[in-house]
Amino acid sequence: ASEATGLTASAQAASAVLFPALDIEKSGPVDIWPGPAFSYEIVAHNSGAAPLYDLVVRDTVPDHLINISNISGNGMLSGSELVWNLGSLNAGQSVTLGWDFALDPAVPGSVTQISNTARATAAGGLSGQATALSQIAFPVLRLDKSAPDMLFPGASVDYTIQVVSAGGAPLLGTVITDTIPHYIINPGGISHSGLVVGDAIIWNPGDIPAGSAVTLTWHGEVDPNIPNYETEIVNEARGTALGTSDSAQAVSGIGFPQM
């Protein structure tokens, strides 16, 4: 102010107030099944114009998930909850977190999906959550067995086993056992590296993708001294894989020369 002129003057400055914003995304596999490891990913993003403070991400492990591992970003598993204390996150920045898991082989068949929700909080009451849904696919082992309708003493016989992965998940650790029937001798021509073990032929096809099939074969000979009161030869194969099994039979009649 000036006493001489009686004039006054003033000045002011306006400052914009900047705020952070918290976004979270969650992703995981579309389909899961017992056996292999799968992964979840969480992305926390500051979409605002100021830093986030006291950022914490929590992820509750759903029922039926086991073997929790490879927890990124110094996350800790406390009971059934994964916790990341991330501190601050600058404007425009993101942090990616993840962890691995497996599906419990004992999961009931009535459970068809796994829902996993991650939650994030930050100073100022900011919060967000995101969910990933995974459908449960189950393996189904189906065996088909074939042999000639009629056999004769001393004749050769060819056996075929079709191993079908008929479910929505692959067959894991598949083992096929084909018991050599009574009065079938000299087993040979065994495909796929099958081995005679005692009175059976055993194959280890391993993992078979969903929708695929493996054909196993072997041949033998009908014992020339088979008693003439025998009327049929029954051949049974059994298969197992993680979470599934099946068996199949082939029945052949026996013909004898007319005296």
Side-chain angles (χ1 to χ4, degrees), residues 31-38 64 66-67 102-109 136-256:
D31 297 305
I32 59 176
W33 52 85
F38 296 94
H64 312 300
I66 60 174
N67 300 339
L103 180 65
D104 190 342
V107 60
I136 296 179
F138 289 96
V140 176
L141 170 62
R142 191 182 76 231
L143 293 185
D144 295 315
K145 178 82 182 180
S146 63
D149 292 333
M150 185 64 67
L151 297 175
F152 301 92
S156 63
V157 53
D158 293 322
Y159 287 109
T160 300
I161 308 166
Q162 188 83 354
V163 185
V164 182
S165 180
L171 297 176
L172 303 178
T174 309
V175 178
I176 307 299
T177 302
D178 196 359
T179 301
I180 301 170
H182 293 305
Y183 304 114
I184 297 296
I185 60 176
N186 301 326
I190 304 170
S191 70
H192 292 79
S193 302
L195 297 173
V196 176
V197 180
D199 64 349
I201 300 171
I202 298 178
W203 291 268
N204 292 278
D207 300 345
I208 304 175
S212 298
V214 175
T215 301
L216 308 175
T217 59
W218 65 281
H219 64 74
E221 178 185 343
V222 181
D223 189 340
N225 298 313
I226 184 172
N228 60 9
Y229 55 78
E230 295 290 345
T231 60
E232 63 183 19
I233 291 179
V234 179
N235 175 233
E236 181 174 17
R238 302 180 308 278
T240 61
L242 183 64
T244 182
S245 63
D246 194 22
S247 63
Q249 283 188 346
V251 180
S252 302
I254 304 173
F256 291 93

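These numbers come from a predicted model, not from an experiment.
Panel note: side chain S252, backbone M150; no donor-acceptor pair is recorded below 3.5 Å. Side-chain atoms of T174 do not come within 3.5 Å of backbone N or O of P205 as any donor-acceptor pair. Judged by distance alone, with hydrogens and angles left aside, the side-chain atoms of W33 form no donor-acceptor pair with the main-chain N or O of L171 at under 3.5 Å. Of the possible polar contacts, one joining the S165 side chain to the P209 backbone as a donor-acceptor pair under 3.5 Å is found. Judged by distance alone, the side chain of D207 and the main-chain N or O of G173 form a donor-acceptor pair under 3.5 Å. Judged by distance alone, the side chain of D246 and the main-chain N or O of L143 form a donor-acceptor pair under 3.5 Å.
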One pair to check against side-chain hydrogen bond (donor to acceptor under 3.5 Å, both in side chains): T215 and Q162. What are the steps and the verdict? CA-CA 5 Å; T215 301; Q162 188 83 354; 2.5 Å; yes

Start with the C-alpha distance between I202 and V175, add both sets of side-chain angles, then the distance that settles side-chain contact (heavy atoms from CB on, under 4.5 Å), and finish with yes or no. CA-CA 7 Å; I202 298 178; V175 178; 4.1 Å; yes

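Residues that satisfy the side chain to side chain donor-acceptor pair (under 3.5 Å) test with R238, not counting sequence neighbours, are T179. D223 meets the salt bridge (Lys or Arg N to Asp or Glu O under 4.0 Å) test with no other residue; sequence neighbours excluded.
The CG atom of L151 sits 7.0 Å away from the CD1 atom of I254 when rounded to the nearest 0.5 Å. Rounding to the nearest 0.5 Å gives a distance of 5.0 Å between CD1 of I180 and CH2 of W218.
For D149, the CG atom counts as loosely surrounded, since its 6.0 Å shell holds 12 or fewer non-hydrogen atoms of other residues, nucleotides or ligands.
The stretch residues 173-198 participates, sequence neighbours left out, in these salt bridge (charged side-chain N to carboxylate O under 4.0 Å, His left out) pairs: K145-D178.
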